[in-house]
Amino acid sequence: MAKKALITGVTGQDGGHLAHLLHEKGYEVFGIIRGQRNPKREVFEAEFPFVQLIEADLLDTSSMVRAVQLSLPDEVYNLAAVSHVGYSFMNPQLTAQVTGQGVINILEAIRLSGAEKSVRFYQASTSEMFGGLAYNRPEKGYDESSIFHPRSPYGVAKLYGYWSVVNYRESYNMFAVNGILFNHEGPRRGVEFVTRKISNAVARIKLGAQKDLHLGNLDAKRDWGYAGDYVEGMWRMLQQDTPSDYVLATGETHSIRDFLDLAFNEIGVSDWSSYVVLDKAFERPAEVDLLLGNPAKAEKELGWKRKVDFPALVKMMVEHDLSIEGAKL
Ligand code: F7E
């Protein structure tokens with residue numbers, strides 16, 4: 001019989017990649033969609049006719065119980081969150097409720113449905129829990145035993161979710177794991193995140209549809225991989241004999257300036273300084289300066305390794321945006 005998976009956050013970047021992957025693997029895929037007449041529904045159904053959507057909300061545990069009882073999943077992937085770090089500073093309580101307490105709500109929904117022994121649970125944890133401060137930067141990158149020091153309401157809420165998963169594993173013997181994923185990008189990324197904001201602006205500048213690009217801190221460094229590679233790692237975590245937490249990362253770090261260099265290079269511009277405007281509106285009250293992950297445990301135990309490298313990622317994103325923005329003209 002086909003395995004069943006339930007995905008929260010199915011309309012997001014990772015949800016789309018994961019839904020495709022699980023469908024290819026023969027799963028029956030269920031996804032949570034939030035809100036009455038969600039405008040994302042039509043577009044989503046056109047691309048993912050094989051996903052059975054269930055109307056529910058992470059903030060309403062009874063609706064999540066219903067979703068679990070309707071789908072009877074073997075695997076649950078909790079990808080839903082208020083996920084934009086900058087936005088979380090402006091909406092800290094909402095972020096705490098959705099990104100933090102939402103994890104408890106779905107774990108409780110699984111327990112209340114009596115499914116805690118049969119369901120395998122994946123939590124989308126994040127490198128934002130490490131914080132990147134100078135005192136706390138392991139030489140080989142952050143791994144599963146590194147110290148946490150979140151620097152945003154988002155990071156704090158994710159840390160609550162992380163520990164909730166560990167606690168439910170230890171308390172109820174649940175197969176529940178944290179995937180501690182470093183930044184992962186691609187053409188499905190929203191334009192509010194810096195990589196897609198850049199690739200999209202570069203394409204529009206090339207096509208004459210945009211003049212400049214307003215950005216905040218250009219010196220921040222991130223360990224950027226391709227989201228399509230990372231969902232494979234999520235799935236592998238749930239296929240292990242015993243539950244454990246894993247870092248997924250590339251083991252390389254690059255600055256926003258590096259991303260700009262490669263992206264503008266794709267359109268034949270070697271000096272982008274006249275296009276980029278420094279804008280304090282995009283700076284954050286506290287910044288995560290540098291993130292570098294150490295994926296050794298995932299490589300060894302899951303046999304996982306990123307396939308797409310940094311230059312290939314930037315190229316893929318700019319090419320995609322050139323094609324969709326070109327089609328709009
Ligand atoms: O910012 C800087 C910004 O918003 C990256 C989420 O998926 O990954 C993501 O969080 C860096 C930061 O991603 C702009 O200050 C400069 O230093 O693309 P981002 P993020 O904050 O790293 C982690 C792993 C998650 O878990 C999150 O959910 O870029 N930056 N100028 C800018 N960032 C944005 N968004 N916009 C700018 O104009």
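Note that ligands are numbered from 1 as they come in the structure, with each ligand's atoms numbered from 1 the same way.
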Does [X] approach ligand 1 within less than 4.0 angstrom via side chain, backbone, both or neither, non-hydrogen atoms only?
X: Ala220; result: side chain
X: Val85; result: side chain
X: Thr126; result: side chain
X: Arg196; result: neither
X: Ile256; result: side chain
X: Glu283; result: neither
X: His184; result: neither
X: Lys197; result: side chain

Heavy atoms only: which of Gln13, Glu287, Lys158, Lys221 lies closest to atom 17 (O) of ligand 1?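 Shortest heavy-atom distance from atom 17 (O) of ligand 1: Glu287.
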Just go through Arg284, His214, Arg222 and tell me whose heavy atom is the nearest to atom 1 (O) of ligand 1.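 Selected option, by shortest heavy-atom distance: Arg284.
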For [atom], what's the nearest protein heavy-atom neighbour? Residue, atom name and distance, please.
atom: atom 16 (C) of ligand 1; result: Asn217 O, 3.3 Å
atom: atom 31 (N) of ligand 1; result: Gly216 N, 2.8 Å
atom: atom 28 (O) of ligand 1; result: Ser83 O, 2.6 Å
atom: atom 18 (O) of ligand 1; result: Val194 N, 2.8 Å
atom: atom 35 (N) of ligand 1; result: Glu192 O, 2.9 Å
atom: atom 20 (P) of ligand 1; result: Asn183 ND2, 3.7 Å

Nearest heavy-atom approach of Gln13 to Gly186 is OE1-N, 3.6 Å
Subset of ligand 1 atoms that lie under 4.0 Å from at least one heavy atom of Glu128: 22 (O), 23 (C)
Heavy-atom contacts with Phe282 under 4.0 Å: which atoms of ligand 1 show up? List them by number with element. 37 (C), 38 (O)
Rounded to the nearest 0.5 Å, how far apart are [atom1] of [X] and [atom2] of [Y]?
X: Trp272; Y: Asn265; atom1: CH2; atom2: CG; value: 13.0 Å
X: Leu181; Y: Leu248; atom1: CG; atom2: CG; value: 4.5 Å
X: Arg169; Y: Leu107; atom1: CZ; atom2: CG; value: 11.0 Å

Can you find an N or O of Ser127 that's nearer than 3.5 Å to an N or O of ligand 1?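 N/O-N/O distance under 3.5 Å: no.
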Taking distance alone, with N or O pairs closer than 3.5 Å, would you say Thr195 contacts ligand 1? no
Check whether the ring centres of Tyr230 and Trp304 lie less than 6.0 Å apart, and answer yes or no.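 Centroid separation for Tyr230 and Trp304: below 6.0 Å.
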Geometric class of the Phe310/His254 ring pair [parallel <30°, tilted 30-60°, perpendicular >60°]: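 Correct class here is parallel.
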Looking at ligand 1, would [X] count as a contact under a 4.0 Å heavy-atom criterion?
X: Gly86; answer: no
X: Arg189; answer: yes
X: Glu185; answer: no

For a quick check under 3.5 Å, do [X] and [Y] share a side-chain donor-acceptor pair by atom type?
X: Asp321; Y: Ser199; value: yes
X: His20; Y: Glu47; value: yes
X: Ser255; Y: Asp219; value: no
X: Tyr246; Y: Glu144; value: no
X: Tyr27; Y: Glu75; value: yes

Contact check, side chains of Thr250 and Trp224, non-hydrogen atoms, under 4.5 Å: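 When only atoms from C-beta onward are counted, Trp224 and Thr250 do not touch, as no gap falls below 4.5 Å.
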I want to check something: taking the side chain as every heavy atom from C-beta on, are Glu128 and Leu159 in contact at a cut-off of under 4.5 Å?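 They are not in contact (no side-chain heavy atoms under 4.5 Å apart), so the answer is no.
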Test Glu28 against every option in Gln52, Lys4, Lys3, His23 by the side chain to side chain donor-acceptor pair (under 3.5 Å) rule and name the one that passes.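 The residue from Gln52, Lys4, Lys3, His23 that satisfies side chain to side chain donor-acceptor pair (under 3.5 Å) with Glu28 turns out to be Gln52.
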